[in-house]
Structure formats: C-alpha cells, structure tokens
Amino acid sequence: MKSGLEGQSKDAVHRPDSREAILPAESVRGMRRRDFVRVFMAATVAPAAFLGQTAPPPRPELPAAAPVPWMRGINRATPVPEGAAAETVAEAEVQFFTSTQMATLSRLSDVFLPRIGTTPGALEAGTPAFLDFFVGESPQARKTMYQDGLDWLDTESKKQFAKPFAELETAQADRLLKPWLRTWMTDHLPREPHAAFINTAHSDIRMATVNSRAWGEAPDTAGRQPTQKGLYWSQIEPDMCWSHPGANQHAAAPR
Amino acid sequence: MAKEIVDVLIVGSGHSGGMAAKVLTEKGLSCLILNAGPIVDASKDTEVKPAYDLPYRGFVPPGRVPHVFQANEFDANVWVDEKEVPYTYDPAHPYNWVRVRLFGGRSLFWSRQSFRLSDYELKGKSHDGFGEDWPISLADLSPYYSKVEGIFRVEGSNEGLPQYPNGNLIIDDSPWSGSMARFKAAGASLQIPIAKQRRALGKDGLASSVNLLLPDAFATGKLKAVPNVVVRELSTDKNTGLVNGAHFIDRLSRREMSVKARVVVLAAGCLESTRLLLNSKLANSSGVMGHYLMDQMYGSGLVCSVPEARGGKGTPELMGGSAIVPRFRNLGTKAPNFIRGYALNVTSQRGPMAPRNFAAYGEELQKKLDLYHGSGFMITLMGEVLGHYENHVRINKDVVDAWGIPVLDVQTKYGDNEFNMARDAVDTSIEMVEKAGFEVLSKNYDPNPPGYSIHEVGTCRMGDDPKRSVLNKWNQSHDIKNLFVVDGSSFVSAGWQNPTITLSALAMRASEYLAEQMRQRSIG
C-alpha cells in the first residue's frame, strides 16, 4: 500500500522551517545505507517532490560538500534566521480615525484599562493604534459604531464639561460612561446605541490590551486575565486560483 | 485508460462518511471517499503562539468568517471561507452556516457530547401531534447506539429515565462538587433531574472520524480517499435512472474529472449533501428535499457566581464539574406555550470570570475579577427546534462558489415555540440557581441565529411514505435505490440532543443494510 517512497515524498512537503523533525531522529539514525541511497536516487527522479527535504544523512555517508544542485542548497540543517515583530521596533501609523477621534479613543482606553500595579494599561499596550488598524479593516457596521460613538462622547463631553473628552478627569469620564455599562453574555452585546458602543469598546480595548505583547510579557499576578495563547492554524493548502482575478470566470462555466 | 469501478463512492469524510467507510470496507466492499478539503497534518499546520504574535491580537480577521461566531484568529483558517463558498439568506433572518472542509470535516472539532434520542423525539408526533414520527424507534436504533458508544468511548451516567435512555457507557461515578450538589438538590425540589454529562472520550483527546473510524477502513486495504476534490453533481445511467458516479473538480487546479461507482453514499453534511442532490436534480419526487431544516437553539442562558467560593475559597471540593439537565418539559405534564423540550448544560468553574459579567471597568473591575475568581457557575440552553416545511434551503442560481457551483439559499427562522421555550429555560434556570443560593450576574433570553449550534438536520428526511419523505428508514433514496444519504439530513425531528451519536448510529445501520443488499445483489 504505502511504499517507503510515498512516505518520503510526504515528508518532503514539510516546510524547511518547520520545528518538527522531518524524520524522527531514530529513524534517520536507523536508516540503512541502502535505504538512504534509494531515497536519494528517488529524489533525482522526482526532484520537485524532494525540494526542501533533506534529512541529514547518517554520518559516514555524508554526500560531497559541493557541488549541490542549485535549488537544493537550503535544507533542514540550514540555520533559521531569527525574525522580530515590526511593532517591537516601529510605531504604527494612524490611518483611520481623525486626530480628535484618536484622542478620544486614547483617553477612553486609559479610563477603561489604566496601568494597575505591575500590569501595563491600554496605552502602554498600544491599544488605540491597534484599534485604528483593526476597526479600519472592519466591515462598515463596526466602523460606523466606533466613529459615531467617539464623536458622541466628545460632543457630550463638550456639552457637560465644556472641554473635549480627551481632557476629562477620570471622575468626569465616569459620569459619561457608567450609565451605559451593562452585563452581557457572549455574542449578545446590548443593543441600545450608546450602550452597544460603550460595552463593545470596553470589550475590544480589554482584549486588545490583554493580548498585547506588553501585557503578555509583564510579570504574572494573581487574578490577572491571561494573554490568550493557543494553537494557531496556518492556511492549509490554500486555493491557488481563488485570489486570481479570473478565478470566478474560469470556474463559473456551467456544464 | 479504464479505471476499475469502485463498489461504493462516499462523499464526505466526517463521522457519517467515516462510519460508512468503516462498515462497508470491513464487509469487503471497495470504497472511494471524495473530500472537498485538504488532509490535516497537525505537526505542520499548527503551532502554539501567543495572541500578540498574530496580526489581529486574537480578534477574528475582519470579514473572514462573519457567520462563525465560534471563530477566533487562532482557528480562522479551519472554517470554510465564506467568500470561497458563499450562501445567501433573507437579511431579516440570518443563518449561521458553520462549515469545515478539512479531511475528517467537523468531526475534528466537535464538543463530544454524546446523547441518544428517546422515543419522545423518535415518536414525537404520537406524543404531541406535531410533525411526523420517525419510521424507526429507539428499539431499532439501540443496538447501533451501543456499538457507536463503544467505539467513541462515551463516559456518563445511566439514570434510567425514559427521556434520557441508558447507554453503553464508561460510568462516571465521580462525586459531585459542592456547588453541583446544591444545584442538583435545587433541581430535585422542582422535580427536575440532573445527570452527569455524557461525553465521548475517544482516543488521545480526539473522537474524530480520522482517529476512530477511518484507520479501520484503511486497514482493510479496501479504501481509497481523495482530498481536495469538490463534487459538482452526481451522474446517472440514462437507461436505469440509477446513480453511477460523480463529476468533480480539483479544488486547487480546477481540473474537471469524473468517477464511476455501483453505489453512492452521501455524507457531506446535511446541507452540502442536500445542495449536491438539488444541483444534480435527483431523488426529489416527494418535493420535500431541502425542507424541514432544523437544528438546536443555543445562546440563551445565565452566568452566576457561587458566593461561598469568592475571595479565593473556590476549592475543588466546592467548585468544578459539569452536568446535563435532560429534557423535563412536556413529558407527563404540558407547558402552557410551547411543545417539546430543552436541555441545560451546566458548568461549575474555578478559573477567571469574564469581565462582561460586571458593569465596571478599570480598578473597580479588577477588584471584582479578583473577588469573583473561581466562583463561576454557567447554564446554557440546548433547545429543540421544530421542523416546519417553510424552513428550507434551495439553490440560488445567481450565485456560484469558487468552482462555479450554484450555492444554497437558506430560508429559515425560529418561531414562537422556540422563543417561548428559551424564555422558560432562562426563567427556570434562575429559579433553580436562586434556590441553590447563587447570584445571577448575566442572563440572556435571545437565542443565537439558526445554524449556530452546528447541528443542522432534516433536509432529506426519512419516512415510510415516498410522497412525504426523501429517504426510507434505511437512509436509502425512495427514488433511486443505489443512493444513500447517511448524514444528519435524514432526521425527522431534531430533539435537544447533539446529533453526532445518532447520525453515526444511523450511518452504521444504513451501511450494514447496504452491504447486505449488495451481497444479495439486490443493489449494485
């Protein structure tokens, strides 16, 4: 049923940067020379299937150091360079909110989630800039809710305190925000317009902050909500044609 | 070049397709599985990461899977992309169609709750006059349930209740935590029984087609499985009217191909099997195909706190464990404004509380989170949705998927029976937790949109009358004797129970019947 060759070519689709060993170490060590030679020859028959593969051979059978066919130089033994996240070295550019909206959102973020003890707050987590990106990428309903909600907060602030929301004391902000706080269950945010915005923004600001690098790398304290950590799924064999402009036309031919 | 004709073509590789493949290959029949998505290899497709290493800090990438409320950024790539395979609905009545096309389908991700239907569901019409009885009873299904429970290693308790039939279980006789014992006593004072959860232990933390069913099928040497092929339509023999194979398209290259088979078994999931039959214009002489779409109503419930567990006193003796409150309405008595019933999922939890349970922010919220940590007690609803002819799916000829296949238009909504049931469930839950002395922090009466439970059933229902049903009691088409549909689309009523164990038992039963018919040469 399943020949050794099939087993090899399946392994060959492993990305070279995969942390998983392509072959268990034991099986590499235990691989008899004859087997290795067969696999190696199979690779020359079907080079495409062998790209990126590359179990290092058992010791005495090391192939010649050079020349190696030009597309087979990089292999599992090649060191993987260490990458850094852009946000660790760069500032995000504000693209979506106006400067007034951004100032309101920053003050709101600080009121909702200030630094508490050793746990960083929303501002240190870069949450306002993240939300500018996230909301700016979002469907229109979320964009409108944020834009209208931030504008409304600023207007109310000017009406009640004669200054922009961004300049309010916390006690003043409390008077605008607290009447709209609700408890709610997952997927069922309150529906009243201001309550919908206030509770959504609170939830988003918390999640963006708790899941930030600053929060995740701060010392753990009792009762602190943990940064989400989970099994991330890559795209699995993504559709090659779909992102292509002609894809739909190509596929839509009725039988 | 002529290819050998396989005995049975199976479309789909989830629990129903996997079960069909296991039973049929073990009876010596050659099978071919076609699956619309790729094979998963967790060692290369997954990696543990913190949310801050993802572009959206754990938020679902905007616009990707707006109807998958369950999705987050970690798993956004496992769900069917709604742009790649769209579906349509009336904007006033949204539908959440939650799909996985990976090899193994949704069996890779299910919650593993494993319940039998009772004759209150299988013979619902006889009990209350609504809908139709199934053409089979619990006695017919019981031997298959037992075998399926054995394969899935279902753990739970046997309570001897007619509405909650005993099973072939690994008995859970662990003691109740203090909070659960108080809840159970509160239930007893209202004549509401409370039982241990029933859950498939499976193997290595998974109870999927790919680890419990398909390995046995592959071991026979009789199964071939092709990933990444999307079936466009079934083909028929013009002389006999029987199905004789399928046309499909390579998901990645768009190459069109076809394959021949003596028998076709559809197991693509309720709505995909129905879509394939509607697009093939087959097996619908009754006109009921696509109708009677049902699922379970989820989303309503409560979050509570156990006062004695606050301030760090939520010990393992007091907190923890889960329970099921099996249906208790409309058995001996009659509820005033709804028929059928619901179950409640109950969880006692020692971990952090979600911030949304407190109308507070900043330091005030943190103090609440600290105080309430480890005192959570949650109840959520699983309610039976009634099967109405009006709740249906049909082909939308104006919209096609990435492979040019016309998509489904879903026309369904919940009615008064569902909304009244949800209200009763939440009010009754409040009554129970207040008797138990717990504090209600949040509650929600509104169900999630239809489809959310990922338990869609009913669009090719079974029955004895070919004018009123698509399939007979063996999951076999009334119209085309070598066509079987073994997924949840055969359901006549939804019940409150997760459908997996029932559809697996039905797939096993149908496959044994099919194998016997093929042995006798009356099919294929």
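The choice from A:Ala122, A:Gly126, A:Gly117, A:Gly121 that makes the most heavy-atom pairs within less than 4.5 Å of chain B is A:Gly126. Of the residues considered (B:Val303, B:Val78, B:Asp370, B:Asp75), B:Val78 shows the highest number of contacts with chain A, using heavy-atom pairs under 4.5 Å. Top candidate by heavy-atom pairs under 4.5 Å with chain A, chosen from B:Glu363, B:Lys49, B:His373, is B:Lys49. For the set A:Ala208, A:Pro114, A:Ala85, the entry with the most heavy-atom pairs within less than 4.5 Å of chain B is A:Ala208. Ranked by heavy-atom pairs under 4.5 Å with chain A, the list B:Ala360, B:Gly351, B:Pro227 is led by B:Ala360. Contact count versus chain A (heavy atoms, under 4.5 Å) is highest, among B:Pro352, B:Gly301, B:Gly63, for B:Gly301. For chain B, the option among A:His188, A:Gln228, A:Arg142 with the highest count of heavy-atom pairs below 4.5 Å is A:His188.
The side-chain contact (heavy atoms from CB on, under 4.5 Å) search around A:Thr144 returns A:Gln140, A:Asp148, not counting sequence neighbours. Under the side chain to side chain donor-acceptor pair (under 3.5 Å) criterion, B:Tyr56 pairs with A:Glu137, not counting sequence neighbours.
For chain B, the nearby part of A:Ile116 is the side chain; its heavy atoms alone come within less than 4.5 Å. Interface remark: A:Thr227 contributes side-chain atoms only to the contact with chain B (heavy atom separation under 4.5 Å). Heavy atoms closer than 4.5 Å to chain A are found in the side chain of B:Tyr452, but not in its backbone. Using a 4.5 Å cut-off between heavy atoms, A:Asp174 contacts chain B through both its backbone and its side chain. Using a 4.5 Å cut-off between heavy atoms, B:Leu302 contacts chain A through its backbone alone, with no side-chain atom that close. Looking at B:Val60, only its backbone comes within 4.5 Å of chain A, counting heavy atoms on both sides. Proximity to chain A (any heavy atom under 4.5 Å) is shown, for B:Leu371, by neither the backbone nor the side chain. Proximity to chain A is absent for every atom of B:Pro449, based on heavy atoms less than 4.5 angstrom apart.
Contact check for A:Arg224 versus B:Leu369: no side-chain heavy atoms found under the 4.5 Å cut-off. The shortest distance between side-chain heavy atoms of A:Thr183 and B:Lys443 does not fall below 4.5 Å. Using a 4.5 Å heavy-atom threshold, the side chains of B:Asn77 and A:Tyr232 count as touching. Counting only heavy atoms from C-beta outward, the side chains of B:Phe59 and A:Asp204 approach each other to under 4.5 Å. The closest side-chain heavy-atom distance from A:Arg191 to B:Asp446 is below 4.5 Å. Using a 4.5 Å heavy-atom cutoff, the side chains of A:Trp233 and B:Thr46 are in contact. Taking the side chain as every heavy atom from C-beta outward, B:Tyr52 and A:Glu217 approach each other to under 4.5 Å. A 4.5 Å side-chain heavy-atom check between B:Arg57 and A:Ser212 finds at least one atom pair inside the cut-off.
The environment of CD in A:Glu167 is crowded: more than 12 heavy-atom neighbours from other residues, nucleotides or ligands sit within 6.0 Å. Around atom NZ of A:Lys229, no more than 12 heavy atoms belonging to other residues, nucleotides or ligands sit under 6.0 Å away.
For residues 114-131 of chain A, every residue pair satisfying the side chain to side chain donor-acceptor pair (under 3.5 Å) rule, not counting sequence neighbours, is listed here: A:Arg115-A:Glu124, A:Thr127-A:Thr209.
Across every non-hydrogen atom of A:Gln225 and B:Pro355, the tightest pair is OE1-CG, 3.4 Å. When all heavy atoms of B:Tyr361 and A:Lys178 are compared, the pair lying nearest together is OH-CG, 3.7 Å. The nearest pair of heavy atoms linking A:Ser138 to B:Pro62 is CA-CB, 3.7 Å.
In this structure a side-chain-to-backbone donor-acceptor pair under 3.5 Å is present from B:Arg251 to A:Glu237.
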Begin with the C-alpha distance, continue with both residues' side-chain angles, and end with the deciding distance and a verdict on side chain to side chain contact (heavy atoms under 4.5 Å, CB included) for B:Arg356 and A:Leu189. CA-CA 9 Å; B:Arg356 64 174 171 276; A:Leu189 277 148; over 6 Å; no
Check step by step if side-chain hydrogen bond (donor to acceptor under 3.5 Å, both in side chains) holds for B:Ser442 and A:Arg182. CA-CA 9 Å; B:Ser442 323; A:Arg182 303 283 184 271; over 6 Å; no
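To the nearest 0.5 Å, atom CG of residue A:Asp187 and atom CG of residue B:Asn448 are 5.5 Å apart.
Listed in order of number, the residues of residues 64-72 of chain B that approach chain A to under 4.5 Å between heavy atoms are B:Phe69.
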